[in-house]
Amino acid sequence: MFPTYDQLNLPEVDKQILEFWEKHDVFNRSIEERDVENSFVFYEGPPSANGMPGIHHVMARTIKDIFCRYQTLTGKRVERKGGWDTHGLPIELKVESELGITKEDIGTKISVDDYNKACKETVMRFKGVWDDITKKMGYWVDLENPYVTYEKEYMESVWWLLKQIYDKGLMYKGYTIQPYSPAAGTGLSSHELNMPGAYQDVSDTTVVAMFKTKKEAASSWLFSLPVMAPPVEDEDGGAAAGAMGSQDSNEVHIIAWTTTPWTLPSNTALTVGPKIEYVKVRTKNQYTGEANDVVLAKELVSKWFGGHNQPTIEAISEPFPGEKLVGISYEQLLEGPSPTDGDAFRVIPGNFVTTDAGTGIVHTAPSFGQDDMAVGKANGIGSLTLVDKQGKFTDDAGQFAGRYVKDYKNDPDYKDVNVDIAIHLKTVGLAFNVAKYNHSYPHCWRTDKPVLYYPLDSWFIKASAVKERMSALNDTINWQPESTGTGRFGKWLENLNDWNLSRSRYWGIPLPIWRSECGTEEVCIGSIAELQTAIDLANKELGLDQSVPKDLHRPYIDEVVLFQNGKKLVRELDLIDVWFDSGSMPYAQWHYPFENKDKFDRVFPADFIAEGVDQTRGWFYTLHAIGTMVFDSVAYKNVVSNGLVLDKNGKKMSKRLGNAVDPFETIDTYGADATRWYMISNANPWDNLKFNEEGIQEVRRVFFGTLHNTYSFLALYANIDNYDPADSANSLKWKDYPEIDRWILSRLNTLTKEVTALYEAYDATPACRAIENFVNAELSNWYVRQCRRRFWKGEMTTDKRAAYNTLYGCLLQVARLMSPVAPFYAEQLYQNLKGAAAGASNVEGAMANSVHLDILPGVDESQIDKDLETRMSYAQRISSLTLSLRKADNLRVRQPLQKILVPATDADFQNHVTAVADIIKSETNIKEVEFLTDGDFLKKSLKPNFRVLGKKVGKRMKDVAALIGANADAVIKGIESAGEATLSLDGEDLILTAEDVLIATEDIPGWKVASDGEITVALDVTVTPELAKEGLARELVNRIQNIRKDLDFEVTDRIRVRLQGSSAVEEAATAFKAYISTEVLADSLVLDGDVDGEALELPGEETATLAVSRV
RNA sequence: UCCGACGUAGCAUAACGGUUAAUGCACUCGCCUGAUACGCGAGCGAUUAUUGGUUCGAAUCCAUUCGUCGGGACCA
């Protein structure tokens, strides 16, 4: 028996199938039953379980699931180890907020040990919820044995990888400028800086400081550079040059703007744009009134001079390029030390300089800016770091020593040192301008104090040294979409910077590097065994009693002291960037190389990975970088990066806006399959998805509803007929299948071919759409509709068996094809179909079948018949045209009509249509299809085929089109009689063949016609009395069927009918008694002058009263 | 500010540089139903975001501006 259902309930299907999968261990079997040697390798990017899963996770995981299930369906073994990302900043922050502590408290109010314990507990807090959504959405991944990045084995593999990189000379320790929060005592990641609210509008004291140039060989030209009075606009609006009044400068000051005056004591250079034009301006200092010659960018002169409360220009020089200033030395602005690590106090070039703000000259303090650092280094400039990590000036900072550069302590008596610096500069005549300035500046999101950029020691991976290799390997990766690989990822690789690996934090994998205090001795540990050996040596040399800590996290590992070449080594306190953790998963998930060495060859690299596009510079990169550096290999061969899931208005989902979609609610309401199908079929995964519940409803109704009804149709009649797909009586020869069966089977095989190719290409969206189209338009709406009668008429004939076999086979294959995307419903459908076969009547046996254990049968090319597909499309189009003609004349379909006329311009077309004429006749309720072959009788139209002809004639296309239009009749005649026509264009012969033009019949004189492209149909609208009678008979059938339905009769019930009606009705009933009786399963149909039944109105003002009863 | 993606009817999506920009949903009218929460026919609805260019021909290629989103940089 085929199970039947009242209505489709997808959430209920989910429940039943989940239970089934669990009971029969289907997931494991789908892996274990496949050959190890035939593996498809998938890597699961580890989510962090410290937050709730969102609908976007359902999206990302659906993509992963689809291709893994598809590969399983083709017979591959697809192991899917789950994983958890457990380290990192978000976890630290969560712990800190829950414990009510800050980073500063770690080690004082709370021990590092306890802190890490809290992190470990927090990180898996939502594991249960994650496991739940994973299960409910039907994502198959091994949750029993996941890799966890905080586990010792995982950490050991990470150490090993790092050591490989270290041994290749790809690691170094360096100094970089990083965002740093003195108030919190920690460096900040860019992630923290980008948190909402991090950038705040503040009003800062800004200073334009004057740097006094030294008069020497390099600068003498500047002192003697002539200035002249500024142009004065004359009455005509033109400019008149002022009189020459130049005299050499006594002093020249280069002026530079800063919003952070506290960096001025640490100034070591001034940066100019080499191509930017600068001028020397003679003016008076507005604070001291002294004569003053200053240098700034020409474009910015008007910004600082001539306005309200601004100095006036007394004279100005011709512009000169910035590169002339390069090399000029100046006096240190504020007294203090000179740098020991390079030159200082001279003008250097930098391409980052703009004339958007300030003076076009950048005050450069390499310790406090990334650009400053870079440009300083490039020009041999040293640095001064006159601010300590608490955010106060060091003892070297002269009169400002000991003062906080910002109010980090919430000191009620805090006096802004920036203001004092400004006042001081005014006093000594080195301030050109002091003003308040509103701008947005990053703040530490937790302490709400301004961040400062500070030089911090870091460990780097020299990724830039292998960027060519990374690019080359990247070229072999199949990116979906391609543009992410070549563009976002590829371009980024080309301009790759070194990877800043270290993080000054507590909860993460410690850097396995130990160093002597002087930095001359250094060791990188690559395994626990190595650590053991090193510890043994240190114990011996230093007389200690250390052992390898049970937990490799801080603080235990920090206590380990090593020994090398007579020196004591202590661990570098930093942790490894958590991105390195996740990039290590191909190896660390198997504890490679300490275990699973054999297995590793089989599971590296991955055939397929998928994540959100935001992982491009995250996981996609770290996998690629480690794979390249350690194994000189890609880590993955195919990668799908999906876009964002937005709300239905295209806004980002966020808890704050309340527009976040709860994945549990969605799946509970609509079922996992409708949700998955919607997300994949609606838009390509890499385009952003505007998530709209109405879309899911549509999918549920239109696709799943139709499919379910198609199945129910089969089930209804198959159960009546006891159809058994496994019965040998049903095994038929190909010749037993009629045209329509062959057609749908041809389409089915074509579909299989298309869908398979699309899945192979990691392109699921068109695959879904193709399946949808097949189910809706072809299987349900055409095949089943055409074949209804075959299922319910009479007893089991060969034709009926063929219909059952065909529909059954289509549904079974659809179940397989859709199973990667809609694993639940596909499973139910498959089991219902398989379970109905004899021999599967034992329920356990039937249920043990699973579509996910099946192997997709290959395409049967012999069943693909393109010619047949063409024929059927003619049938559909002609039917559609005929129905449209009926509509125009208000001739309802139940009214039979005599014939349609179809002009046939060639024999091929006529043969094609003849083959499907029966289908057209039954679909449109007409009796004959007649062909018109008399060419002269038809009116034809001619259009050039632009695509073909355009290639041939190129730019003369327009003329050719006009020419063809003017000679339409001749061309048609020529092509129809001789196969070609010759036109003359500019004295040249132009030969047109049949493919160069499109000929269509447009009209049949004297008939009402409709046309669609090259097909034209005319309908004979004459209703003869005989036809009218038949029409009435069909009306009666329709009414009686409705009554049967209203009375809830079974479709097999026999009935008796008594009828009373107008004379036309009674005549029709008499004439078509046999027909009516067969149609409605009536044992008797009698005319009765006194019927007590339902009174009905029929078309043409006819009436009838009907009484129907069961036999 | 830089880099990238995207912008087609009320909504969601199509359209190897080629004829009148297609399909589904929604809406209106009609029809069909012995499977259907289906379907069929007709209608409604688009300056293909903008401006310019290349081309015989542009939704498609190039450039521009605007908008949405993402990634990065910077705020001296």
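Each chain gets a letter, A, B and so on, in the order the sequences are listed, and its residues count up from 1. These figures come from a predicted structure and were not determined experimentally.
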A.B. asks: With sequence neighbours excluded, tell me which residues meet ring-ring contact (aromatic ring centres under 6.0 Å, His included) with A:Tyr808.
C.D. replies: none
A.B. asks: Just the rounded figure in Å: distance from C1' of B:U20 to CZ of A:Phe946.
C.D. replies: 12 Å
A.B. asks: With sequence neighbours excluded, tell me which residues meet side chain to side chain contact (heavy atoms under 4.5 Å, CB included) with A:Pro766.
C.D. replies: A:Asn684, A:Leu758, A:Asp763
A.B. asks: I need the CG-C1' distance between A:Leu716 and B:C38, as an integer number of Å.
C.D. replies: 15 Å
A.B. asks: Between the protein and nucleotides 57-60 of chain B, which nitrogen or oxygen pairs are less than 3.5 angstrom apart?
C.D. replies:
none

A.B. asks: Can you give one letter per nucleotide of nucleotides 6-13 of chain B, going 5' to 3': B for a protein heavy atom under 4.0 Å from the base, S for sugar-phosphate only, - for none?
C.D. replies: ------SS
A.B. asks: Measure the acute angle between the ring planes of A:His708 and A:Tyr825, then classify it against the limits of 30° and 60° as parallel, tilted or perpendicular.
C.D. replies: perpendicular
A.B. asks: To the nearest 0.5 Å, what is the distance between CD1 (A:Ile361) and OG1 (A:Thr271)?
C.D. replies: 10.0 Å
A.B. asks: For A:Arg788 and B:G34, is the shortest distance between a side-chain N/O and OP1 or OP2 below 4.0 Å?
C.D. replies: no
A.B. asks: Please give the stem ranges for RNA chain B, sorted by first residue number, where a stem is three or more consecutive Watson-Crick or G-U pairs and both donor-acceptor distances are under 3.5 Å.
C.D. replies: B:1-7 with B:66-72, B:10-13 with B:22-25, B:27-31 with B:39-43, B:51-53 with B:61-63
A.B. asks: Can you label the angle between the A:His363 ring and the A:Phe211 ring as parallel, tilted or perpendicular, going by 30° and 60°?
C.D. replies: parallel
A.B. asks: Taking only residues two or more places apart in sequence or in another chain, which ones pass side chain to side chain contact (heavy atoms under 4.5 Å, CB included) with A:Asn500?
C.D. replies: A:Thr176, A:Gln178, A:Ser458, A:Phe460, A:Ser502, A:Arg503
A.B. asks: Going by side chain to side chain contact (heavy atoms under 4.5 Å, CB included), name the residues that satisfy it together with A:Thr4, two or more places apart in sequence or in a different chain.
C.D. replies: A:Ala715, A:Asn719
A.B. asks: Heavy atoms under 4.0 Å, any strand shown: does A:Val784 hit a base, just sugar-phosphate, or nothing?
C.D. replies: base
A.B. asks: Nearest heavy atom decides the nucleotide; on that basis, is A:Leu949 or A:Asn776 closer to the 5' end of RNA chain B?
C.D. replies: A:Leu949
A.B. asks: Please enumerate all residues that pass salt bridge (charged side-chain N to carboxylate O under 4.0 Å, His left out) together with A:Asp721, with sequence neighbours excluded.
C.D. replies: A:Lys800
A.B. asks: Between A:Trp579 (CH2) and B:G72 (P), how many Å, whole number?
C.D. replies: 10 Å
A.B. asks: Do A:Tyr711 and A:Pro3 have side chains that approach each other closer than 4.5 Å (heavy atoms only, starting at C-beta)?
C.D. replies: yes
A.B. asks: Write down the distance between CD (A:Glu611) and C1' (B:G71), rounded to a whole number of angstrom.
C.D. replies: 17 Å
A.B. asks: Holding to salt bridge (charged side-chain N to carboxylate O under 4.0 Å, His left out), I want the full list of residues that pass it with A:Arg947, two or more places apart in sequence or in another chain.
C.D. replies: none
A.B. asks: Under 3.5 Å between N/O atoms: give me all the protein pairs with nucleotides 22-24 of chain B, atom names plus distance.
C.D. replies:
unit_1, atom_1, unit_2, atom_2, d
B:G24, O2', A:Glu698, OE2, 3.2

A.B. asks: Taking any heavy-atom pair under 4.0 Å as a contact, classify A:Ser780: base, sugar-phosphate, or nothing.
C.D. replies: base
A.B. asks: Using side chain to side chain contact (heavy atoms under 4.5 Å, CB included) as the criterion, list what pairs up with A:Ala1082, not counting sequence neighbours.
C.D. replies: A:Ile1055, A:Val1057, A:Ser1077, A:Val1080
A.B. asks: Give the rounded distance in Å between these two atoms: CG of A:Asp721 and P of B:A35.
C.D. replies: 14 Å
A.B. asks: Heavy atoms under 4.0 Å, any strand shown: does A:Ser712 hit a base, just sugar-phosphate, or nothing?
C.D. replies: nothing
A.B. asks: What pairs of donor and acceptor atoms, side-chain ones from residues 693-703 of chain A against any protein atom, are under 3.5 angstrom apart with sequence neighbours left out?
C.D. replies:
unit_1, atom_1, unit_2, atom_2, d
A:Glu693, OE1, A:Tyr670, OH, 2.7
A:Gln697, NE2, A:Tyr670, OH, 3.0

A.B. asks: Nearest whole Å is fine: how far is B:C38 C1' from A:Asn709 CG?
C.D. replies: 6 Å
A.B. asks: Rounded to the nearest Å, what distance is computed from the CD1 atom of residue A:Ile926 to the P atom of nucleotide B:G41?
C.D. replies: 16 Å
A.B. asks: Between B:G18, B:A35, B:G34, which nucleotide gets closest to the side-chain atoms of A:Leu1081?
C.D. replies: B:G34
A.B. asks: In whole Å, what is the span from the CZ atom of A:Arg947 to the C1' atom of B:A15?
C.D. replies: 10 Å
A.B. asks: Verify the contact: side-chain N or O of A:Tyr711 to OP1 or OP2 of B:A35, cut-off strictly under 4.0 Å; return yes or no.
C.D. replies: no
A.B. asks: What's the closest nucleotide to the A:Arg701 side chain, out of B:C25, B:G39, B:G18?
C.D. replies: B:C25
